[in-house]
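Report on one structure; see the data block that follows.
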Amino acid sequence: MGSCSSKTTVIEGFIIRIGLLGDSVSGKSAILSRFTHNTFSLNYQHNTKSLASIKSYLLEESFSPVTVEVWEVQSPLSVSIDIAVIIADSTKPISDLQDYYWKWLQVAQSYGWNKVHIALSKIDIKGFDESYAEKVHEALVLDQGKEVYLTSSLTGKGIDLMFKSLISHRLRMR
Ligand SMILES: Nc1nc2c(ncn2[C@@H]2O[C@H](COP(=O)(O)OP(=O)(O)OP(=O)(O)O)[C@@H](O)[C@H]2O)c(=O)[nH]1
Ligand SMILES: [Mg+2]
């Protein structure tokens, strides 16, 4: 069982639950804090329990407000997840990313989650650009419609874009 903490006010409307999965130190908490509270810390503290935080939006493509509930997943959850994102440290070699992706894809599937995306974290360290996302896309043999998100919680780059894209995917599926 996880705990949910946030000071953001929930607006009545559509809720999307997004689960962040990945190894320790991959950057899940950092993405959660950057997205929901626009904060970042270099101090590392391992989370043993799943955590959630929320952010509400008014999106152009949706007539009702959308509340995004983001979960840092450390164990199976009691709530249902709409979209899972595997968080992979971008400083890992591409050859390791293949095994990593398959390992976490299997975990997601064991939880019954079939909509699974991948995001590379910490892109500020090696300064990756979109051509690297294409390389990873090819190495992981992903479907055409699936993107590899490049993110940095330190700079904030790619974080809002990723969540907006995930929300759009979800709204199109409604
Ligand atoms: N340079 C840089 N460091 C980052 C970034 N994201 C996270 N970190 C650092 O990486 C370390 C681990 O990040 P966390 O987000 O705590 O990792 P986690 O996946 O939540 O780890 P667990 O809670 O143990 O599962 C922390 O020291 C962060 O400050 C980033 O975008 N850039
Ligand atoms: Mg954490």
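Note that the coordinates shown come from a computational prediction; the quantities given were computed from them, not determined experimentally. Counting from 1, the numbers follow the sequence of the chain as shown. Just so you know, ligand 1 is whichever comes first in the structure, and atom 1 is the first atom listed for that ligand.
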For [X], take its heavy atoms, then give the atoms of ligand 1 lying under 4.0 Å from any of them.
| X | value |
| --- | --- |
| D124 | 1 (N), 2 (C), 30 (C), 31 (O), 32 (N) |
| I125 | 1 (N) |
| H46 | 22 (P), 23 (O), 24 (O), 25 (O) |
| L42 | 26 (C), 27 (O), 29 (O) |
| S41 | 28 (C), 29 (O) |
| V25 | 11 (C), 12 (C), 17 (O), 18 (P), 19 (O), 21 (O), 22 (P), 24 (O) |
| D23 | 19 (O) |

Which protein heavy atom lies closest to [atom], and at what distance to 0.1 Å?
| atom | value |
| --- | --- |
| atom 16 (O) of ligand 1 | Y44 CD1, 3.4 Å |
| atom 19 (O) of ligand 1 | K28 NZ, 2.7 Å |
| atom 13 (O) of ligand 1 | G27 CA, 3.8 Å |
| atom 5 (C) of ligand 1 | K122 CG, 3.4 Å |
| atom 3 (N) of ligand 1 | F40 CZ, 3.9 Å |
| atom 31 (O) of ligand 1 | S153 N, 2.8 Å |

Exercise for review: Counting heavy atoms only, name the option from S26, S152, A30 that's nearest to atom 7 (C) of ligand 1.
Suggested key: A30

Revision key, fill the gap. Residues 112-148 vs ring-ring contact (aromatic ring centres under 6.0 Å, His included), sequence neighbours excluded, gives Y111-W113, H117-H169, F128-Y132

Review point. Where the side chain of D89 meets the backbone of T91, is there a donor-acceptor pair that is under 3.5 Å apart?
Key: yes

**Study point:** Exam field: side chain S168 to backbone K164, donor-acceptor pair closer than 3.5 Å
**Key:** yes

Check your understanding: Closer than 4.0 angstrom: is that true for some heavy atom of Q74 and an atom of ligand 1?
Key -> yes

Review point. Got a sec: does the CD of E138 have more than 12 other heavy atoms crowding it under 6.0 Å?
Key: no

Review point. Is the NZ atom of K157 crowded by more than 12 outside heavy atoms at less than 6.0 Å?
Key: no

So how far is it from [X] [atom1] to [Y] [atom2], rounded to the nearest 0.5 Å?
| X | Y | atom1 | atom2 | value |
| --- | --- | --- | --- | --- |
| L105 | K103 | CG | NZ | 12.5 Å |
| L21 | E72 | CG | CD | 10.0 Å |
| L171 | L166 | CG | CG | 11.0 Å |
| E69 | I18 | CD | CD1 | 10.0 Å |

**Study point:** Sphere of radius 2.8 Å around the Mg ion (ligand 2) - protein N, O or S atoms inside
**Key:** S29 OG, N47 OD1, E72 OE2

Check your understanding: What closest approach, in Å, do I94 and K135 show between heavy atoms, and which atom pair accounts for it?
Key -> CD1-CB, 3.9 Å

Review point. In terms of side-chain heavy atoms, does S121 have a donor or acceptor partner in T151 at a distance below 3.5 Å?
Key: no

Practice item. Could you point out which residue of D129, L150, T155, L154 forms a side chain to side chain contact (heavy atoms under 4.5 Å, CB included) with I123? Key: L150

**Study point:** V116 with V79, same ILVMFWY side-chain cluster at under 4.5 Å
**Key:** yes

